[in-house]
Amino acid sequence: MELALLVNKFNVKGRLVTIVPFGNGNINDTFLAVFRNTFTETQVVVQKVNRAVFTQPETIMRNMHNITLHCHEKLEADAAAGRDDRVWQMPRIVKTKGGADFVTDEAGDVWRVITRILSAHAFDKAQSPEHVLECGAALGHFHYLVSDMDPATIVDPLPGFHITSGYLSQYDETLATNPTARELVSASMEARRLAKFVEDRRDLASCLERAEASGELKRRMFHGDPKVNNIMIDDFTGKGTAMIDLDTVSPGLAHIDFGDAIRSLCNPAGEEELNLGKVTFDEDLFAAFCKGYMSEAGAFLTDADRAHLYDAIRLLPFELGLRFFQDYLAGDVYFKVRQPGQNLNRARVQFRLCEAIEARERSIRGILERL
Ligand code: GN1
Ligand code: MG
């Protein structure tokens, strides 16, 4: 089906004037659609859900429906009470003309339309300590929003997501069963170096899983993908205004979000840097993130939670590097790539960041203790 025809199935006022690719997501295909009438315009975000990743797109739409229902009620009550210094936002689902949450095309792909948060942007890299502080506040506020959601209203959107030991098994299996993967490792010194990096940290993979199994850490609702370009910042005030990309919101450890946001926000070079010399862990950005996060969600953290924060900060770049490396070896089947070797480079960046964190363990723990 032609994209314009498809988008016209949704209930947006005005005439569709343009639809263009939008954002830098690694999973779904995202577009911006502009509708105009004689006095203004409406912009919406159009997405095709990646079925290779989300094998049950109907389920993630049901989840999104329940999450936005819960959060919008709370957001509206808080805004009406003037409880905050700002209007926190969350995109909502735009229904089809028939009242459904999505359209399925003839190829079986699920398409959805959501509102665009206007006068706001998400960045691909950390901009400044002020920016990172606001990202921390946005994640903290998001945790507050979903904290009283009934986990039973959510169906696991992506079984195995953020179970690091599972990614390790997948990596092992790729090397055991895929001859091309083995060739890639034996043919390149850099790939061998990354493979050794993984070998040296096998034990790290299950640190949070062990703490959960022993009952020290408990799941609550998490975002699952709180990276820098999923956090919208108000163009006028520079303050955080919304967390987007709600596909993976589900019961999980807040530590995963904490570690994932930090690996994304405290490496000012970003995920795609080619020069490893520029990949660092910036402690000023880290302190700013913690300050912002704690201002909104500090009350949720128990002593046991606090005891495992460093592990989460070290684990998440390891986990993402492992996921990128495994995908490179498997032929780039999960993360979209624009050029060959891109997933290998993404893995190099995350592993370098993990090393930078290990080298700063003492001072990172020091900052955490002072929270
Ligand atoms: C993917 O689609 P995007 O870019 O928001 C991935 C995250 C990774 C991220 C790394 C469902 O998110 O887990 O951290 O890439 N999402 C999924 O850039 O796997
Ligand atoms: Mg995203």
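We're numbering straight along the sequence, starting at 1. Order of listing sets the numbers, starting from 1, for every ligand and every atom in it.
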Taking only heavy atoms of Gly25 into account, list the atoms of ligand 1 that are under 4.0 Å away from them. 4 (O)
Structural part of Asp247 in contact with ligand 1, heavy atom criterion under 4.0 angstrom: neither
Identify which one of Thr96, Val110, Val7 satisfies the side chain to side chain contact (heavy atoms under 4.5 Å, CB included) criterion when paired with Val103. Thr96
Polar proximity ligand 1 side, Asn229 side, N/O cut 3.5 Å exclusive: no
Close approach, Arg346 and ligand 1, non-hydrogen under 4.0 angstrom: no
For Glu361, check salt bridge (Lys or Arg N to Asp or Glu O under 4.0 Å) against everything at least two apart and list the hits. Arg365
Donor-acceptor pair, His72 side chain versus Met90 backbone, under 3.5 Å? yes
Just checking, is any N or O donor in the side chain of Gln342 or Glu272 under 3.5 Å from an acceptor N or O on the other one? yes
Decide whether His308 and Glu216 meet the rule of one side-chain donor and one side-chain acceptor closer than 3.5 Å. yes
Contacting atoms of ligand 1, where contact means under 4.0 angstrom from a heavy atom of Ile27: 1 (C), 2 (O), 16 (N), 17 (C), 19 (O)
With heavy-atom distances below 4.0 Å as the criterion, list the atoms of ligand 1 near Tyr334. 11 (C), 17 (C), 19 (O)
Sorted by chain and number, sequence neighbours left out, ring pair (Phe, Tyr, Trp, His ring centres under 6.0 Å) with Phe325 holds for Tyr171
Pairs of nitrogen or oxygen atoms closer than 3.5 Å, one from Asp225 and one from ligand 1: do any exist? yes
So, does Arg263 sit close enough to ligand 1 that a heavy atom of it is under 4.0 Å from the ligand? yes
Evaluate Thr248 for polar contact with ligand 1, using N/O atom pairs at a separation under 3.5 Å. no
Going by the salt bridge (Lys or Arg N to Asp or Glu O under 4.0 Å) test, name the single residue among Arg323, Arg352, Arg348, Arg263 that passes it with Glu271. Arg263
Do Ser128 and Glu130 have side-chain atoms, one donor and one acceptor, less than 3.5 Å apart? yes
Using distance alone, decide if ligand 1 has a nitrogen or oxygen within less than 3.5 Å of any nitrogen or oxygen in His162. no
N or O contact, Asn28 vs ligand 1, cut-off under 3.5 Å: no
